[in-house]
Asker: 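Attaching a single structure in structure tokens format; questions to follow.
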There are 2 protein chains.
Amino acid sequence: MTSKSTMREVASKAGVSIATVSRVINSPDEVPTETVERVRAAMRYLNYRPNINGRRLKMAQTRSVGVLVPTMANPVFATSVQGIEQAAHEDGLTVLLTSSNYDPQRELGAVSTLLNNRVDGLILTLANADDNPVIDLLKAENIPFVLLFNQPARKDVASISVDNARSAYDMTQAMIAQGHRSLAMVAGRFESSDRSKQRFEGFGKALSDAGLGAARLCQVGFGETELFTPLKSFLTGPDAVTGLVCSTDMLAIAAMSACREHGLSVPGDVSVGGIDGIAVGGLISPKLCSAVQPTQEMGQQALAFLRGLIRGQTNPQSLILPHQLSTGESIGPARHPSSPRL
Amino acid sequence: MTSKSTMREVASKAGVSIATVSRVINSPDEVPTETVERVRAAMRYLNYRPNINGRRLKMAQTRSVGVLVPTMANPVFATSVQGIEQAAHEDGLTVLLTSSNYDPQRELGAVSTLLNNRVDGLILTLANADDNPVIDLLKAENIPFVLLFNQPARKDVASISVDNARSAYDMTQAMIAQGHRSLAMVAGRFESSDRSKQRFEGFGKALSDAGLGAARLCQVGFGETELFTPLKSFLTGPDAVTGLVCSTDMLAIAAMSACREHGLSVPGDVSVGGIDGIAVGGLISPKLCSAVQPTQEMGQQALAFLRGLIRGQTNPQSLILPHQLSTGESIGPARHPSSPRL
DNA sequence: ACTGACATTGTAAACGTTTCAAATGTTCAT
DNA sequence: ATGAACATTTGAAACGTTTACAATGTCAGT
């Protein structure tokens, strides 16, 4: 019995027309209880399962939403997807998931697939939220969408994020307050992440506001966890830094690992700060100091925004959530200049 | 221009019939180049996008697969989903994602939603792979599916996993080899995870094979990261253990944190081992010793199996992958009995 | 010129729903 | 009895595809 039964069969089994069966499914209150029961019985008997594709073809809506994230391998996105899925479930929506692997080239294809599936709307984390063909496409086709984590300059797109520059600024300032004067940022490639770029700008601003020199940058590929070599010139030699501000928590954790590989202790020799607030950061030693954002709630909120847009709400809302510096142990006072390392 | 255009419009624009348009889409080689070009031009002009729901209604297949995991918040599942998504993308399949939040009650509903969507097949991580109504349902309706991480007793369902009991056995043995005699397992609730139960059995067997006493168990809720209180009686007092075997890496990381909160060092005072091999385990200090499974590849492989089943392959394959104990620093020699803690 | 083979295109019937308009049946005040 | 008002049900036309089958046009061989 491969669940092949159709509305027509249910109808004839129950001795009614397919219109009545449809009504039993969609608005049972408009049908007398006796009939409802008879039809329901026939459904059970035949193991009936409505063919959602028939319905979708007929109706305008599909009751599904598309999600695009850079990767599931970073808990910050995985957690947000968890939030999206949860909210979607409560709303009876189906989630179609795709990932771009941080490759801007793949974004358009992924979104196109989603659109072919006729999703009612999209939640996206894009490499670059400004001047992105994906956004142009969605605007042109008038498909509701919400950006998540992206913090676009333009005000005509819905988005949920923290203030990226500000979070990096605050983290950097916290380090400066601990006496750090020689800092560098470890950041994911700017082409892959506008957050990365915005955070670097915040980093630079904090430095210049404090009258410190040019912002040093160690740009690494996403998904990269081996930072021993990339960080070598930052951690050793005459230009060694005393603190690393990292554009994500994953990078921060990888950076802490690299520090240890270089024989440096955190925060004794080097302070390390991250941004994102992934859960595991609070469990490790030293506890990662991070600019925390409520990732899962942001996912839920994104879905709530999207629902509004799908329902026809016209002006896209943007929400910039406050981040919060966690009390981490990975940041400490700077080594005193008079006690040079090594 | 809200992408409303249909095949019929394209056809009339190009001066052909809809059958020809369909042919241009599905088998361009059977259509003369000149016609193909004319139709393609019309498509571009009208911004045509095939309505996949029309197609799905007509065809048997939907070219979509459903995925059910306990949660995205645990990297082990997130990574597997990443693998699934990647393989699906290469195959031009769409992924429908749901999660159960470790609640067996929700599994049936989630799968039902997926089936309503007429997915061609499913990849599932269930709370309990034996005697599960979800499996009965899928068997009854003859829907292809592959279990991921579950290691079912019955041989008529496809599955991909490691040998759960064995991985715990090996981990435990490694601890015993380091002189540990007083061990406990930290495990997620058995009702939520058959892996947890199987791993506990492996733990118990290793103990009894070594002639050590009864297996002690600290069962905790999934998603729980605060293990200070649950572990109190295991880490302090006369019955304090020298090693904790954890049923997952996430629990292991949380357990290490709890040890530190209790003022104990890892592995100095307590050794901690995990199972799963999540990436972050290799970055923290001390590096987590784990029974590693190739999570992402397992996701890809699951999709490959599923594809086979969808294509009509009749006998479901099961794959039990070898795990590998990582060289972690979280396990060390047992404290010598003559140097009691505190 | 006629035939058959072949290339190209078109016609029309599904697929399983939803829903509008119309039909049927029932009740009740007159 | 009649008809208005209402409750219940039905018939039939979409929705946008795919595809079997038929139709048309072309051309080589006779």
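A note on names: the letters A, B, ... follow the listed sequences, proteins ahead of strands, and every chain is numbered from 1.
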Asker: Between A/Ala19 and B/Val21, which has a closest nucleotide on DNA chain D that is more 5'?
Answerer: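 On the 5' side of the pair lies A/Ala19.
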Asker: Residues in side-chain hydrogen bond (donor to acceptor under 3.5 Å, both in side chains) with B/Asp29, at least two apart?
Answerer: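 If we apply the side-chain hydrogen bond (donor to acceptor under 3.5 Å, both in side chains) test to B/Asp29, skipping adjacent residues, there are no hits.
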Asker: Can a side chain N or O of A/Ser17 be found less than 4.0 Å away from OP1 or OP2 on D/dG11?
Answerer: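 Indeed not, no polar side-chain atom of A/Ser17 lies that close.
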Asker: Closest to the A/Pro32 side chain: D/dG16, D/dT8, D/dT18?
Answerer: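 Nearest to the side-chain atoms of A/Pro32, counting from C-beta on, is D/dT8.
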Asker: What pairs with A/Phe77 under ring pair (Phe, Tyr, Trp, His ring centres under 6.0 Å), at least two apart in sequence or on another chain?
Answerer: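 Per chain and number, A/Phe77 pairs via ring pair (Phe, Tyr, Trp, His ring centres under 6.0 Å) with A/Phe149.
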Asker: Can you tell me whether the side chain of A/Arg23 and the base of D/dT10 have a donor-acceptor pair closer than 3.5 Å?
Answerer: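 Result: at least one qualifying N/O pair found.
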Asker: Taking for each residue the nucleotide of DNA chain C bearing the nearest heavy atom, is the 5' side occupied by B/Thr35 or by A/Ile18?
Answerer: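 Counting from the 5' end, the first nearest nucleotide belongs to B/Thr35.
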Asker: Mind checking if B/Met59 touches a base, just sugar-phosphate, or nothing, with heavy atoms under 4.0 Å?
Answerer: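 Sugar-phosphate: the residue B/Met59, judged by heavy atoms under 4.0 Å, touches backbone atoms but no base.
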Asker: Can you tell me how far P of C/dC15 sits from CZ of A/Arg55, to the nearest Å?
Answerer: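 The distance from CZ of A/Arg55 to P of C/dC15 comes to 19 Å, rounded to the nearest Å.
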Asker: Do B/Ser159 and B/Ser318 pair up side chain to side chain, a donor and an acceptor below 3.5 Å, judged on atom types alone?
Answerer: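 Present: a donor and an acceptor within the cut-off.
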Asker: Is B/Ser22 close enough to D/dT19 that one of its side-chain N or O atoms is under 4.0 Å from OP1 or OP2 there?
Answerer: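 So the side-chain polar atoms of B/Ser22 never come under 4.0 Å of the phosphate oxygens OP1 or OP2 of D/dT19.
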Asker: Does D/dT10 have its OP1 or OP2 closer than 4.0 Å to a side-chain nitrogen or oxygen of A/Thr20?
Answerer: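 A/Thr20 to D/dT10 OP1/OP2: side-chain N or O found under 4.0 Å.
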Asker: Report yes if a side-chain nitrogen or oxygen of A/Asn26 is closer than 4.0 Å to either non-bridging phosphate oxygen (OP1 or OP2) of C/dT18; otherwise report no.
Answerer: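 Checking A/Asn26 against C/dT18: at least one side-chain N or O falls below 4.0 Å of OP1 or OP2.
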Asker: Base, sugar-phosphate, or nothing: which does B/Arg8 touch, judged by heavy atoms less than 4.0 Å apart?
Answerer: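 Touches a base.
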Asker: NA contact type, A/Ile25, heavy-atom cut-off 4.0 Å: base, sugar-phosphate, or nothing?
Answerer: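 Answer is nothing: A/Ile25 stays at 4.0 Å or more from every strand.
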Asker: Round to the nearest Å and state the distance from A/Asn116 atom CG to D/dT17 atom P.
Answerer: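 After rounding, the reported distance stands at 10 Å.
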Asker: At their closest point, which heavy atom of A/Lys13 faces which heavy atom of A/Ala42, and how far apart are they?
Answerer: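 That closest heavy-atom pairing would be CG-CB, 3.7 Å.
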Asker: Ignoring backbone atoms, test whether B/Thr6 places a side-chain nitrogen or oxygen under 4.0 Å from the OP1 or OP2 oxygen of D/dT17.
Answerer: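 The answer is yes; a side-chain N or O of B/Thr6 sits under 4.0 Å from OP1 or OP2.
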